[in-house]
Amino acid sequence: VEKREIPMYYMAITRYAEELLAALDTLPGWPERVKTMQANWIGKSFGVRFAFPYEVDGRSEKLWVFTTRADTIMGVTFAAVAAEHPLAARAARDNRKLAEFIEECKRGSVMEADLATIEKQGMPTGISITHPLTGEAVPVWVGNYVLMAYGEGAVMGVPGHDQRDFEFATQYGLPIRSVIKPRDRDPELPLTQAYVEYGICYNSGKYNGLDYARAVDAIAADLKAKGLGDKQVLWRLRDWGISRQRYWGCPIPIIHCGTCGDVPVPDSDLPVVLPEDCVPDGMGNPLAKRPDFVNCTCPKCGKPAQRETDTMDTFVDSSWYYIRFACPDSARAMADERVAYWLPVDQYVGGIEHAILHLLYSRFWTRVMRDLGLVAFDEPFANLLTQGMVLNEIYFRRADGGRASYYNPAEIDASVDEAGNRSAVLKADGAPVEFGGIGTMSKSKNNGVDPQELVDRYGADIARFFMMFTSPPEDTLVWSDAGVEGAARFLRRLWNFAYEKQSVLAGQRPVRPVDWSAAPEELRKARKEIHSTLKQANYDIGRHQFNTVASAGMKILNALERAPGAIASPGPTAAQPIPQALVTDGLSILIRLIAPIAPHLCHCLWRELRFGEDVLAAPWPEHDPAALIEDEIELVVQVNGRKRGDVRVPRDADTTTIERIVLALSFVQKAIAGLTVKKIIIVPGRLVNVVA
RNA sequence: GCCGGGAUGGCGGAAUUGGUAGACGCACGGGACUCAAAAUCCCGCGGUGGCGACACCAUGAGAGUUCGAUUCUCUCUCCCGGCACCA
């Protein structure tokens with residue numbers, strides 16, 4: 001932790017930028033999209049850092065900038081600095097209007113999203129700098145779109161080849177110069193937008209004819225020779241400011257002493273305990289108004305001193321709670337030997353909204369603890385499942401003061417008329433409310449849904465089964481409980497079916513081996529349906545697509561109910577061994593397959609049907625490959641890529657046989673009448689396409 | 001604005017490496033059972049035309065690659081998440 005400027009404390013996450021980026025390749029259990037987002041966020045860019053020399057107050061100064069497009073350096077027509085840049089401050093000293101502009105910029109939002117969408121504004125500083133390669137004079141502007149926190153807080157302006165610079169130059173009448181030859185347009189025509197693609201340098205003196213890589217090499221070498229620049233790697237990632245002016249965070253254990261400076265609280269005095277009776281009044285940090293908390297003595301010299309009142313960002317705690325979970329009662333250390341047993345986390349589940357901040361901070365924090373010798377691993381989470389957001393409608397009313405109060409969608413009657421207009425009223429008073437769109441469930445928007453309602457109405461298994469059935473976990477979902485009846489019906493149907501079979505099945509285990517090849521066609525088909533469904537379900541579990549696992553359970557029950565003899569009167573085992581074996585096999589698969597989705601019901605059925613004591617201890621069901629083999633296979637028949645019918649052929653039919661059979665089909669003959677067959681494409685086991 | 005993801009029937013969704021679009025459900029319509037209702041069971045259910053066999057259209061929009069595109073490429077529209085202090 002470093003304290004840089006009052007009142008901010010920082011974590012030096014940028015020191016780990018290289019490792020955090022490179023180690024993404026060591027995380028096969030993480031979704032690609034999350035790794036991509038993190039890589040972009042860390043933002044490693046290769047470029048050139050160079051300086052424009054200038055004179056001010058009789059001194060020689062340099063304005064440093066960073067660029068990833070050094071190949072366009074000959075197209076520089078201006079430079080722009082952030083409002084916080086020292087050059088801007090110097091220029092504002094004798095320019096009142098500029099000083100006002102700078103103040104206005106500083107008052108604006110610092111959020112990236114706001115900065116990126118604001119209208120580009122700027123003002124000339126009156127200071128002129130020298131192009132390091134051409135020696136030309138270049139004007140310096142202050143631009144509200146330049147970020148002090150990234151790079152040097154200053155940029156070169158190449159309106160011909162950077163869209164932001166182009167807009168800025170167009171707005172303020174600055175010259176635009178093309179130095180990269182466009183591939184498919186006349187370079188002499190005036191530009192309507194920046195040409196940002198890579199290409200060959202022209203209008204660039206000695207660099208003419210060079211491509212991007214060669215131009216950057218040559219330009220960087222020339223700048224280096226003049227002592228005015230070199231290649232540089234720049235990161236988008238910034239250090240992590242952790243100070244918050246709130247009282248309910250984790251205290252920052254620092255004491256400010258007039259004599260000794262900033263002194264850490266000694267280990268023996270930790271933890272710093274917050275008062276529990278603070279009342280936030282919306283005016284700064286309430287801790288600062290608590291002398292009983294603030295006033296203390298310096299641990300070094302014993303003189304009166306002040307305790308730090310900033311607390312830590314909540315992300316700090318969430319960056320290592322999972323390590324502490326392994327040893328929550330450890331009084332002497334952050335982490336003890338139990339951590340080595342439990343960590344890294346095998347399977348982490350969290351919302352996609354944490355793809356960057358929380359998950360990156362955690363990866364950083366783990367490395368800090370590693371480097372302090374507290375843990376022995378690099379990555380906290382071996383496998384990551386990122387849930388999609390569950391969304392719901394947002395309704396609110398705005399009082400005269402402008403503050404919105406939100407109403408839960410359950411309290412609202414909403415309707416959409418034929419023209420698609422949405423109207424909504426509050427049930428309680430019948431008066432209209434505004435529709436605020438559809439967004440993530442949150443306390444502040446009061447649009448959450450408590451699953452307890454479903455549990456109360458249907459029971460935990462049905463509520464759980466329904467939610468698993470509704471969509472794959474990684475998808476965004478607009479909440480609706482329409483369809484929960486389907487889950488209820490299915491589980492009821494399963495229960496009834498199983499109980500109908502109970503008297504037949506109970507006490508007859510183990511089932512003696514059945515010769516399925518001797519079974520009637522219908523039963524073999526049913527068994528094939530069950531086992532191919534199981535095969536697919538096991539594949540789906542591997543890719544976390546649990547909704548289709550739930551539907552596989554439904555399909556298996558459908559197959560069992562439809563199988564002839566399976567539901568008919570049980571009869572003696574010896575007389576009807578095959579239908580009973582089918583039911584036994586099918587139920588055994590079905591119960592184990594959906595046990596994780598409807599655990600209570602499956603646990604109970606497993607025991608009642610005497611399959612065993614504990615369904616969770618039973619081996620996971622695997623399909624029988626023999627059940628999937630048939631003597632004949634069905635092929636889809638297409639003509640010119642369009643389905644015309646299907647045909648059954650022997651399983652081992654060769655290409656010539658299949659072609660002969662297909663060409664003889666009447667619907668194929670009809671479709672190719674008057675055409676010549678050019679070729680026949682056969683996808684084994686799937687389809688035949690006749691191209692004519 | 002930038003980064004990431006998404007768009008398939010009235011609804012949730014399915015379609016493994018490009019190979020039958022709409023599995024499995026919900027809702028809805030018809031029927032059976034019932035004095036009646038609920039529950040349950042059976043049938044139907046993308047659109048257009050046709051009595052029908054069937055034909056054509058259809059996976060946000062537009063182009064492209066391919067024998068064949070929901071799937072791959074490009075452009076666009078809209079929606080969701082994140083954007084570093086949601087006080």
Side-chain angles (χ1 to χ4, degrees), chain A residues 8 13 31-41 43 110-118 120 145 149 163-164 236-246 249 280 282 284 313-315 351-357 360-361 386 388-389 391 437-440 442-445 466 469-472 474-487 489-490 492-493 496 533 535-536 539-540 542-543 545 547-555 557-558 561 634-646 667 670 678-683 685-692:
Chain A
M8 280 300 260
I13 189 171
E32 281 309 316
R33 61 169 160 160
V34 173
K35 291 192 274 188
T36 305
M37 280 190 260
Q38 292 214 350
N40 290 341
W41 184 261
V110 292
M111 287 169 66
E112 191 192 336
D114 295 335
L115 282 173
T117 47
I118 49 166
K120 283 169 193 57
Y145 66 100
Q163 189 58 27
R164 283 182 312 183
R236 206 187 81 95
L237 184 67
R238 309 203 298 261
D239 276 336
W240 173 17
I242 60 155
S243 296
R244 298 291 181 270
Q245 294 75 53
R246 294 193 294 212
D313 183 2
T314 52
F315 273 123
I352 185 66
E353 79 273 24
H354 290 128
I356 294 173
L357 293 183
L360 190 62
Y361 290 147
T386 44
M389 298 284 89
L391 315 178
I438 290 174
T440 316
S442 70
K443 273 187 240 171
S444 63
K445 297 273 162 52
F466 164 65
F469 178 70
T470 291
S471 81
E474 306 211 48
D475 283 11
T476 303
L477 174 75
V478 180
W479 175 257
S480 159
D481 62 9
V484 66
E485 286 295 338
R489 270 199 279 267
F490 165 67
R492 220 178 292 138
R493 208 149 52 86
N496 290 337
T533 301
K535 183 183 180 188
Q536 179 66 42
Y539 176 81
D540 290 342
R543 56 176 179 156
Q545 189 171 283
N547 57 327
T548 48
V549 177
S551 84
M554 293 176 170
K555 284 184 190 177
L557 183 59
N558 287 346
E561 287 184 341
E634 193 167 275
L635 294 177
V636 169
V637 180
Q638 296 183 335
V639 176
N640 289 330
R642 188 177 270 276
K643 187 193 173 186
R644 293 298 167 179
D646 40 47
F667 58 81
K670 194 178 142 198
K678 290 183 194 132
K679 61 175 164 174
I680 300 176
I681 291 159
I682 298 177
V683 182
R686 281 187 178 270
L687 66 70
V688 182
N689 186 15
V690 180
V691 185

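Numbers restart at 1 for each chain; the letters A, B, ... are given by sequence-line order, proteins then strands. Any value given below was found using the heavy atoms of this structure, including those in side chains, with hydrogens, waters and symmetry copies removed.
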Between protein and nucleotides 22-33 of chain B, what N or O pairs are separated by less than 3.5 Å?
| from | atom 1 | to | atom 2 | distance (Å) |
| --- | --- | --- | --- | --- |
| B:rA23 | O2' | A:Lys555 | NZ | 3.0 |
| B:rG25 | OP1 | A:Asn558 | OD1 | 3.4 |
| B:rG25 | OP1 | A:Asn558 | ND2 | 2.7 |
| B:rC26 | OP1 | A:Arg489 | NE | 2.8 |
| B:rC26 | OP1 | A:Arg489 | NH2 | 2.8 |
| B:rC26 | O2' | A:Gly483 | N | 3.4 |
| B:rA27 | OP2 | A:Arg489 | NH2 | 2.9 |

Tabulated below should be each protein N or O lying under 3.5 Å from an N or O of nucleotides 45-47 of chain B; please produce it.
none

Close N/O contacts between protein and nucleotides 55-60 of chain B (under 3.5 Å):
| from | atom 1 | to | atom 2 | distance (Å) |
| --- | --- | --- | --- | --- |
| B:rA55 | OP1 | A:Arg644 | NH1 | 3.2 |
| B:rC57 | OP2 | A:Arg642 | NH2 | 2.6 |

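Using atom P as the reference point in both B:rC56 and B:rA21, the two lie 12 Å apart (nearest Å). Spacing between B:rG60 and B:rG9 at atom C1', rounded to whole Å, works out to 15 Å. As rounded to the nearest Å, B:rG46 and B:rA27 have C1' atoms that lie 15 Å from one another. Taking atom P on both nucleotides, B:rC42 is separated from B:rC33 by 15 Å, rounded to a whole Å. Comparing B:rC78 with B:rC72, their P atoms are spaced 23 Å from each other, to the whole Å. For B:rG44 and B:rC35, the P atoms lie 28 Å apart once the distance is rounded to whole Å.
Side-chain contact of A:Ser471 with A:Asn547: a donor-acceptor pair under 3.5 Å is absent, judged by distance alone. Judged by distance alone, the side chains of A:Arg644 and A:Asn689 never bring a donor and an acceptor atom under 3.5 Å apart.
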- request: Applying salt bridge (Lys or Arg N to Asp or Glu O under 4.0 Å), run through A:Arg33 and A:Glu474 and close with a yes or a no.
  value: CA-CA 11 Å; A:Arg33 61 169 160 160; A:Glu474 306 211 48; 3.7 Å; yes
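One distance of note links OG1 of A:Thr440 with CD of A:Glu353; it measures 7.0 Å at 0.5 Å rounding. Rounding to the nearest 0.5 angstrom, the gap separating the CD atom in A:Gln545 from the CD atom in A:Gln536 is 8.0 Å.
Scored by the salt bridge (Lys or Arg N to Asp or Glu O under 4.0 Å) test, A:Asp114 finds no partners at all (sequence neighbours excluded).
Glycosidic conformation of B:rG9: syn, with the torsion inside 90° of 0.
Remark: A:Asn640 is not in phosphate contact with B:rG68, judged by side-chain N or O atoms under 4.0 Å from OP1 or OP2. At least one side-chain nitrogen or oxygen of A:Gln545 sits closer than 4.0 Å to the OP1 or OP2 atom of B:rA15. Regarding contacts with the backbone of B:rG5, every side-chain N or O of A:Arg33 stays at 4.0 angstrom or more from both OP1 and OP2.
A:Ala355 comes within 4.0 angstrom of nothing in the nucleic acid, heavy atoms only. Among the protein residues, A:Leu477 comes within range of the sugar-phosphate backbone only, with heavy atoms under 4.0 Å from sugar or phosphate atoms but none that close to a base. Counting any heavy atom pair closer than 4.0 Å across all strands shown, A:Arg164 reaches no nucleic acid atom. Residue contacts for A:Gly388: at a heavy-atom cut-off of 4.0 Å it reaches no nucleic acid atom on any strand shown. Residue contacts for A:Ser444: at a heavy-atom cut-off of 4.0 Å it reaches no nucleic acid atom on any strand shown.
Between the side chain of A:Asn689 and the base of B:rC67 there is at least one donor-acceptor pair of N/O atoms closer than 3.5 Å.
Looking at heavy atoms from C-beta onward, A:Val549 lies out of side-chain contact with A:Phe469 at the 4.5 angstrom threshold.
Counting only Watson-Crick and G-U wobble pairs whose two key distances fall under 3.5 Å, RNA chain B forms stems of three or more stacked pairs at B:1-7 with B:77-83, B:10-12 with B:24-26, B:28-32 with B:40-44, B:46-49 with B:54-57, B:60-64 with B:72-76.
Here the closest non-hydrogen pair linking A:Asp540 and A:Arg543 is OD1-NH2, 2.8 Å.
Other residues, nucleotides and ligands contribute over 12 non-hydrogen atoms within 6.0 Å of the CZ atom of A:Arg493.
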statement: Each nucleotide of nucleotides 76-82 of chain B classed B (base within 4.0 Å of a protein heavy atom), S (only sugar-phosphate) or -, in 5' to 3' order, makes ----SSS
